[in-house]
Amino acid sequence: MFESPKRRRPEVTSGSRGHEEVKFRDVTLYLVERRMGKSRRTFLSNLARSKGFCVDDSLSGGVTHVVSEGNAAQDLWMWLEDHGLREAHDTHVLTISWFTESMSAGRPLPVEMRHHIQNPAVERRSSSSPAPKPVSTVSPFACQRRTSLDNHNKNFTDVLEVFAENMDLSGNQGPCLAFRRAASVLKSLPATLRHPEEMKHLPCLGEHSKAIIEEMFECGRSSKAEEILKDERYQTLKLFNSVFGVGLRTAENWFTRGLRTLEQILSDPSIRLNRMQTAGFLFYDDISRPVSRAEAGAMKVLVEDAVKRVNPAAGVCITGGFRRGKDFGHDVDFIIRTPEPGQEDGLLPAIIDRFRRQNVLLYADLQESTFDLGKLPSRRFESMDHFHKCFLIVKLKRDDVCEERERDEDGRRDWRAIRVDLVAPPIERFAYALLGWTGSTLFDRDLRRFARLERGKLLDNHALYDKATKTFLSAETEEDIFSHLGLEFIVPSERNA
Ligand code: CTP
Ligand code: MN
Ligand code: MN
């Protein structure tokens, strides 16, 4: 009871209640009693210990994370400094939100900028004072980062994406994802990287990505990326894969057979294209050209018109890249919202039918719903969703597009072909489908990974399942889903991870 302070080690103190095992040896918590109150502090300390955290009852040198609740930053820092803590100290001073999130996760979460309680006195000190200690404030999960289209590191991310694509085209999904993750972290940064040192504090940058960036700092370019771009195999696979309906296996097969150009594919009598690939070649020039926002808007009018005729109560939302604020896309994605359960049935065939009668349908691949709540949750979170959906190629009349454009140059046809995706989920699944179809793909992937690893929940385009309570969590809006996951809401324009 009257143990000498010199002998006291955090492990001993934390074990004062006896039996809990310390799981996280790198972290020692200290909860500030001021404002929090004694009984809540005891309760929270015990909770943390029961989850394997080490909690020190006093502000010793071993403390790594100070947690405060309800204190103004200035008062808190005065109190901490009175008790011997200095800003230079390598201790995080954090709001209770870091603590509660870590408790729900069952492990100490990476510290983010929003968790920090800054010392106002230090912020006010002159700029000649040494730079504040760097902390990793960037989350390894894209769903905890805000990624607008304003990319300050485009020269780096373009190069990393060449590597990612090269890996993708050779079927190396693991390395591909690693390069995409690295690029995504750089896209979320508020400023351009100025020095290789700055990479030290960033998550998701593997050795390869770091080496590429270092070379770019040294030479202003990446020799390896330039090699890839010149590589015949890379160029050819990329070309073949850019045809609607041509996947990696087909592209690889054609390349292996010595084929190099689209003309060679079309003139090879032994190649039989399927219906999708045929459409892909027929409209290649149009659908390989980016779709503008104005064209997407005109397409929305066309889809809305068809939907209203079938069900006047139904609505149409644009999703995919355009919902994230992009100015151009490779297609236009729509989600159809019907107010009553069951109304989604039969909607897509009726829309396709109307397009056909209007003579604007160039291609349709209709996939009827195979949705069955009884078969959820699915652990294969990469797989496609089960809603009614269709992949279309639709004629868009140039006259329907309100856009400043060169018109009728050299007697070109008065329409262009556009790829359109439609999905029609049941209303009670709408929020999940909207979140999934808005993307970006990496943002969604990390939402699912975060749900599983950090929250013990399974998320996909249909539902969110809580493994602990074995229940599905209902959601009317995207905000509901973020809140079920204990995440700050990220607007679509900040999901460009
Ligand atoms: N998606 C999906 N299920 C499908 C097809 C697509 O969940 N069967 C999702 C994708 O994961 C993505 C979103 O729908 O998040 C949009 O897909 P896509 O059109 O391929 O990408 P965009 O982000 O819209 O990019 P772009 O602007 O180039 O079209
Ligand atoms: Mn899209
Ligand atoms: Mn799409």
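Both counts, for ligands and for their atoms, begin at 1 and track the order of listing. What you see is a predicted model; the values in this text were computed from it and never measured. One is the number of the first residue; the rest follow in order along the sequence. Computed from heavy atoms alone, side chains included, the values below leave out hydrogens, waters and symmetry copies.
- Between Gly329 and ligand 1, no N or O atom pair is found at a separation short of 3.5 Å.
- No donor-acceptor pair closer than 3.5 Å links the side chain of Lys238 to the backbone N or O of Glu165.
- In this structure, the ring of Phe450 has its center no less than 6.0 angstrom from the ring center of Phe443.
- Within a 4.0 Å radius of atom 23 (O) of ligand 1, the protein contributes at least one heavy atom.
- Between Asp305 and Arg309 there is a salt bridge, since at least one side-chain N of the basic residue sits less than 4.0 Å from a carboxylate O of the acidic one.
- Look at Lys187 and Glu161 and you find a salt bridge, because one of the NZ, NE, NH1 or NH2 atoms lies within 4.0 Å of a carboxylate O, short of that distance.
- Side-chain atoms of His195 come within 3.5 Å of backbone atoms of Glu197 as a donor-acceptor pair (strictly under, hydrogens ignored).
- Annotation: atom 7 (O) of ligand 1 to nearest protein heavy atom, Asn461 ND2, 2.9 Å.
- Take the Mn ion (ligand 2) and draw a sphere of radius 2.8 Å; the protein N/O/S atoms inside it number 2.
- When the options Gly436, Ser440, Gly439 are ranked by their closest heavy atom to atom 9 (C) of ligand 1, first place goes to Gly436.
- Given atom 25 (O) of ligand 1, the protein heavy atom at minimum distance is Lys326 NZ, 3.8 Å.
- Between the choices Phe443, Phe391, Trp437, the shortest heavy-atom distance to atom 3 (N) of ligand 1 belongs to Trp437.
- Distance check: Leu376 CG to Leu464 CG gives 11.5 Å after rounding to the nearest 0.5 Å.
- Residue Gly321 approaches ligand 1 through these ligand atoms, each under 4.0 Å from one of its heavy atoms: 22 (P), 23 (O), 24 (O), 27 (O).
- Counting only non-hydrogen atoms, the option in Arg323, Arg495, His330 that gets closest to atom 26 (P) of ligand 1 is His330.
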Compile the donor-acceptor pairs under 3.5 Å between side chains in residues 242-254 and protein atoms, sequence neighbours left out, one pair per line.
residue: Ser242; atom: OG; partner: Leu239; partner atom: O; Å: 2.6
residue: Ser242; atom: OG; partner: Tyr284; partner atom: OH; Å: 2.8
residue: Glu252; atom: OE1; partner: Arg233; partner atom: NH2; Å: 3.1
residue: Glu252; atom: OE2; partner: Arg233; partner atom: NH1; Å: 3.1

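- Close N/O approach between Asp333 and ligand 1 is found [any backbone or side-chain N/O within under 3.5 Å].
- By the 6.0 Å and 45° rule, Arg260 stacks over the aromatic ring of Phe255.
- Close contacts of ligand 1 with Lys389, meaning ligand atoms under 4.0 Å from a residue heavy atom, involve 8 (N).
- Contact annotation: for Met384 versus ligand 1, heavy atoms closer than 4.0 Å belong to the side chain alone.
- Listed by atom number, the atoms of ligand 1 under 4.0 Å from Arg324 heavy atoms are 23 (O).
- Here Lys224 does not pair with Glu227 in a salt bridge; the nearest charged N to carboxylate O distance is not below 4.0 Å.
- The Asp331 neighbourhood of ligand 1 comprises atoms 19 (O), 29 (O), with distances under 4.0 Å to a heavy atom of that residue.
- Every atom of ligand 1 with a heavy atom of Asp444 under 4.0 Å away is listed here by number and element: 15 (O).
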Could you go step by step and tell me if Arg275 and Asp365 meet the salt bridge (charged side-chain N to carboxylate O under 4.0 Å, His left out) rule? CA-CA 9 Å; Arg275 203 172 68 86; Asp365 173 11; 5.1 Å; no
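- Note: Phe371 and His462 meet the aromatic proximity criterion, with ring centroids under 6.0 Å apart.
- In this structure, Glu476 places its CD atom where only 12 or fewer heavy-atom neighbours from other residues, nucleotides or ligands lie under 6.0 Å away.
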